[in-house]
Amino acid sequence: MLTLYGIELASHLLLGTAQYPSPAILMEAIKASGTGVATVSLRRETAGGSSGDRFWSLIRSSGVRILPNTAGCHTVKEAVLTAQMARDLFATDWIKLEVIGNHDTLQPDVFALVEAARVLTDDGFKVFPYTTDDLVVAERLIGAGCEVLMPWCAPIGSAQGPLNLHALRSLRGHFPDIPMIVDAGLGRPSHAATVMELGFDAILLNTAVAKAGDPVAMAHAFAKATEAGHAAHRAGMLEPRDVAVPSTPVIGTAVFS
Amino acid sequence: MLTLYGIELASHLLLGTAQYPSPAILMEAIKASGTGVATVSLRRETAGGSSGDRFWSLIRSSGVRILPNTAGCHTVKEAVLTAQMARDLFATDWIKLEVIGNHDTLQPDVFALVEAARVLTDDGFKVFPYTTDDLVVAERLIGAGCEVLMPWCAPIGSAQGPLNLHALRSLRGHFPDIPMIVDAGLGRPSHAATVMELGFDAILLNTAVAKAGDPVAMAHAFAKATEAGHAAHRAGMLEPRDVAVPSTPVIGTAVFS
Amino acid sequence: MLTLYGIELASHLLLGTAQYPSPAILMEAIKASGTGVATVSLRRETAGGSSGDRFWSLIRSSGVRILPNTAGCHTVKEAVLTAQMARDLFATDWIKLEVIGNHDTLQPDVFALVEAARVLTDDGFKVFPYTTDDLVVAERLIGAGCEVLMPWCAPIGSAQGPLNLHALRSLRGHFPDIPMIVDAGLGRPSHAATVMELGFDAILLNTAVAKAGDPVAMAHAFAKATEAGHAAHRAGMLEPRDVAVPSTPVIGTAVFS
Amino acid sequence: MLTLYGIELASHLLLGTAQYPSPAILMEAIKASGTGVATVSLRRETAGGSSGDRFWSLIRSSGVRILPNTAGCHTVKEAVLTAQMARDLFATDWIKLEVIGNHDTLQPDVFALVEAARVLTDDGFKVFPYTTDDLVVAERLIGAGCEVLMPWCAPIGSAQGPLNLHALRSLRGHFPDIPMIVDAGLGRPSHAATVMELGFDAILLNTAVAKAGDPVAMAHAFAKATEAGHAAHRAGMLEPRDVAVPSTPVIGTAVFS
Amino acid sequence: MKLIVNGETRDVAAHFLDALLTELQFEGDWLATALNGELVRSTERPECLLKEGDRVEILTPRQGG
Amino acid sequence: MKLIVNGETRDVAAHFLDALLTELQFEGDWLATALNGELVRSTERPECLLKEGDRVEILTPRQGG
Amino acid sequence: MKLIVNGETRDVAAHFLDALLTELQFEGDWLATALNGELVRSTERPECLLKEGDRVEILTPRQGG
Amino acid sequence: MKLIVNGETRDVAAHFLDALLTELQFEGDWLATALNGELVRSTERPECLLKEGDRVEILTPRQGG
């Protein structure tokens, strides 16, 4: 059972809603993923338009909990205002806090991130910070009131999978009681299994599912791999060893010569 | 659907029967894995004993198909005779052909392997050769009549996972129509997902499940990861890219300054 | 030619002075490494003692430039005061700025690091910040007046070598004109060659040399590997390719059959 | 000192002679590499031509020892005849034995390789077999009379560097007294350093040097990296550790608060 | 009166934010609004007086990762 | 007569392989047998004559990977 | 007068930092000093007046990485 | 008489391998020769009699990896 800010969730997978071939496929993918949480953004409405309403009613019909993001924000001010508008619109105090620090890597600006996290938690938000694998930054975010962390494992949309297992392992080990969701950079179900095996609590996916040849099948595949990694972490895995060890018993082997 | 020598199997996982904490746990693990094939060996019976009968009736009660092995054989002669005794005893022409070439790595002796494979296929066996990731060896085994290959990905029982993805990818690509089962060296569900994502058809596990803290849970975890990797391979995965790409649309982003 | 704050150095290797089996071996290692810069620290003198004098005269006799560090500092205040004492003692405005943020990983506290860097550059210091591979942090340090960066590649003394080549490559690429010295985590000459091949300007070593079986030989080996990586980066390396390509010409091959 | 079939060589690098921008650059690269051995092939001469003479007098003028190869041979018969013609022409009993088993990977056909090695050693040749990282194959080659092994680390010309360090380490460890030259697949000096650090005795390069932007500089860089890796292996390297360890002494640290 | 609405200059009659939405036919039920970089809650729009040159942002739910 | 059964020297009365199994109380229903390195099918045991020094292997199902 | 010198409480007669170094036999030529968390340059020591309870740090060059 | 030399059919007058090399102007000093898949040492060429349809390979040093 995954517990985020007191909310219990059956699935260890969170899903983004962008870049799907069609709204219908998005809805099927949400279903196939078994997710209980979907991320959304806020963008400008066009005069006379109501595209927002259509998308929103679609998402609500899925019955999943909404996690609005501050994607595209580059300053504390932008992120805080976007979070406030999201709370007014979606009537939730959950916010996925993104403060982008670099256009090429889309990595967080950890300085602005910590400051925005403090402002928002003081304002009553339940912040889900998109952060790096930096231990010290994690400590600051927790100090700022975050009860969940969302470290990246590779640049957003890069599908490269975990680039620094050592740092992820160390981050996980230092804060055993903080729910940690690996956000950004996952490309394949094996990547999801790998980070869950390290003891992470959940993953947040978007591009790897939405841009797959068959997003619905891929959503299901990621769901299975995530559960597999989670179960393996709890079941206790064999440590790698440098020597081979026979599986079949050696004693009682026939001698024919 | 996995098809091995004309037999269709629902599960993409084959399971070894050695090293479990107890017969009961073995039976539960077989069930949890969903496997349709279990490997067994032949060993000396002790006068007055009937341990073989007890183990055998247990396995049969699981209803899975039996794949006897020639574990511990180091010569063509030993492997061929062991295969013949297995056929007489288990009334199956399936044989997992192991001819060990090195005590430390427990790797196949590819020279004896190809020769034994030829002898056994000529004698009507359906051979499952435990081999390396060597393309040329694979070609010889196919030439010798093998319709299934079982390449290792790391030394038996080492739990190291795939040590040479390049070689595995190349092996898979050269023989697209030969069912290939990754045998030996897998330690974690993510390893299983990784090789299935490469397009391998199945995996054969033993130590990683039997020696896990909770073998039954681990068997289930591997089953999920295997299906996840298989589904992902068919669904079409995103290629890793060196640059980050925003998932949330950029157009329509608010400007607050 | 390596240029650090206007000083030209022939060697691309900087060497730490701690943990050597003996002062004599330290001196030989400095010589064998060909380094032009050695790091030192400040520690409490014992009343009546003059161990500091002995060590200091030894180092000065080597003729290398001194880079004092703030090792062991955990706050801006400690780091700044230590830097000031170092300047008074060593009569150099160079300072290797370490502000440790975590006892287990000995990684920098990037928040305190940037603040201390600003204070010290304002006070006229030439700061060599020991930092992470975080791009945004690098940008802040440059903004704070640092003209050299010293990213880690793995935890101090871990000898693990570069844990995140993607981040290092990205860091290098974003600031092509800032001299970057990989500091901490290197264990083998091949690690040094690897980061120099990425285009880093120099490496700073200590444990990998001082704790080697033969520190003098190892210092020489690292020097060679560093120059090799530097030369290879300038000479233009072959890109890895997925297919094999014959080196020996195919045309004119004899046909004997 | 590297000893191959009783011949002592100062350099741990062997160099191929193909694909250079010009004969002049080839000659400079040989010089810069410091190699004592260069590989050559046999190809059809064109009637009226004497290109062979020109190339040959060029190579001889370099003063290095010649290692003819059987590149392009796919059968035992081809390889053996090519070796015999090479001996008649070059007046050397050294032969780099290549029997290619796959057009895409250009990997050795280990079956034909072992057979050809036996035929040639019986005929008085000193065989340098281009082989895989397979232990059992290595054992057969040694049994066939080979006193030197040349395992690949990646496909020829792929520049991917060592794809399976575990197999290379294991191969090296099993035959401590057999000189082993890593042949094929190296792309960067760091790759050369890596395999030399594992304890290999030498490397054979061609494409990575010949196709570099500056082949002469690259030859020199590889020479340095090779010596660095060799020296490091002998000097005794630090084992990687999972925890950080301060290099600067902790005792005597000032307390300012 | 001239305002900047979602980055475009508009000449409008409305004096209050809720009226502005109607005038410009922002008919969606799901909108979030900001005036000159400060949140204006949906409940506050009727009392939110606009003046020449104000910058208004009108946002709505969109796909997000 | 002395035989080597599963690596141990045994002095037995039986002249045929099936009788040997009974004499040595190999009562399992699931056995595979070899004589001097050659397979003896279960059906062939009654006619399988034993002689001094023969090497007999009697195998049974066991755990395997 | 009682001071804390490099973490240890010392009872000293000296009233100035340079005198303290002499009294405590810190005879090294290569020392750096701080008083109550502030740098005292070597040139400032003769005028650096000490008072009861001051914290003095006296540092010297050491191996470092 | 017709021979296949390095894969090409040639009509030649020479009866011995060394004469063939001269006739076809293979003037290099550094050649290796094979006749019908068998080595012919340089010293053996004068006595190496050729017959209709023989396959001759004439090789020379070339760049190699």
Side-chain angles (χ1 to χ4, degrees), chain C residues 16 18-19 41-44 69 71-72 77-78 81-82 104-106 155-160 187-190 193-194 197 206-208 211-214 217-218 220-222 224-225 227-229 231-232 234-250 252-254 256, chain D residues 16 18-19 41-44 69 71-72 77-78 81-82 104-106 155-160 187-190 193-194 197 206-208 211-214 217-218 220-222 224-225 227-229 231-232 234-250 252-254 256:
Chain C
Q19 306 188 76
S41 70
L42 280 183
R43 290 294 181 252
R44 285 170 166 172
N69 70 28
K77 185 174 179 314
E78 285 171 9
L81 178 53
T82 303
D104 301 320
T105 62
L106 298 176
I156 294 176
S158 72
Q160 297 199 76
R188 315 181 143 213
S190 57
T194 298
E197 285 163 0
N206 191 341
T207 312
K211 299 299 239 184
D214 178 344
M218 191 59 79
H220 192 49
F222 266 103
K224 278 181 172 166
E227 296 311 320
R234 294 153 57 100
M237 293 172 289
L238 203 60
E239 275 310 301
R241 12 182 200 192
D242 226 20
V243 295
V245 181
S247 49
T248 301
V250 173
T253 305
F256 296 127
Chain D
Q19 306 189 75
S41 70
L42 278 184
R43 289 295 180 253
R44 284 169 167 173
N69 71 28
K77 184 175 179 314
E78 285 171 11
L81 177 54
T82 302
D104 301 320
T105 60
L106 297 177
I156 293 176
S158 72
Q160 297 198 76
R188 314 181 142 212
S190 56
T194 299
E197 284 164 0
N206 189 341
T207 311
K211 299 298 237 182
D214 179 343
M218 192 59 79
H220 191 50
F222 266 103
K224 277 181 173 165
E227 296 312 318
R234 293 153 58 101
M237 292 171 290
L238 203 60
E239 275 310 301
R241 16 185 197 190
D242 226 22
V243 296
V245 181
S247 48
T248 302
V250 173
T253 306
F256 295 126

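To find a chain, count down the sequence lines: A is the first, B the second, and so on, and within it residues start at 1. Just so it is clear, the structure is predicted and the values come from calculations on it, not from any experiment.
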- Note on the structure: Given G213(C), A228(C), A193(C), G229(C), the one with more heavy-atom pairs under 4.5 angstrom with chain D than any other is A228(C)
- Task: Count the heavy-atom pairs under 4.5 Å between each of V250(C), D242(C), I156(C), T207(C) and chain D, then report the option with the highest count.
- Result: I156(C)
- Item | CZ-OG1 distance between R43(D) and T248(C), expressed to the nearest 0.5 angstrom | 6.0 Å
- Sort out for me which of T82(D), V245(D), N69(D) touches chain C most, counting heavy-atom pairs under 4.5 Å. V245(D)
- Identify the two heavy atoms, one from S247(C) and one from A18(D), that lie closest to each other, and give their separation to 0.1 Å. O-CB, 3.2 Å
- Item | Considering all heavy atoms, the nearest K77(C)-F256(D) contact | NZ-O, 4.0 Å
- Task: Tell me, out of P240(D), P155(D), A231(D), who's got the most heavy-atom pairs with chain C below 4.5 Å.
- Result: P240(D)
- Most contacts with chain D, counted as non-hydrogen pairs under 4.5 angstrom, among A217(C), A235(C), A254(C): A235(C)
- Note on the structure: Heavy-atom nearest pair, M237(D) first then P189(C), reads SD-CD, 4.4 Å
- Note on the structure: Of the listed L42(C), N206(C), T253(C), T194(C), the one with the largest count of heavy-atom pairs under 4.5 Å with chain D is T253(C)
- Do R234(D) and D214(C) have side-chain heavy atoms sitting under 4.5 Å apart? no
- Item | Closest approach of A221(D) to A232(C) (non-hydrogen atoms, all atoms of both residues) | CB-N, 4.1 Å
- Bottom line for D104(D): the part with an atom under 4.5 Å from chain C's heavy atoms is backbone
- In this structure, CD of Q160(C) is separated from CD of E239(D) (nearest 0.5 Å) by 11.0 Å
- Heavy-atom closest contact (P246(C) atom, Q19(D) atom, distance): O-NE2, 3.9 Å
- Comparing G72(D), S158(D), A225(D) against chain C, the one with the most heavy-atom pairs below 4.5 Å turns out to be S158(D)
- Residue part contacting chain C, namely of T105(D), when any heavy atom lies under 4.5 Å: backbone
- Task: For each of S41(C), G187(C), P249(C), G16(C), tally heavy-atom pairs with chain D at distances under 4.5 Å, and name the one with the top tally.
- Result: P249(C)
- Measure from the side-chain N and O atoms of E197(D) to the backbone N and O of S190(C), and report whether any donor-acceptor pair falls under 3.5 Å. yes
- Task: Would you mind telling me which of G157(D), G252(D), A208(D) has the largest number of heavy-atom pairs within less than 4.5 Å of chain C?
- Result: G252(D)
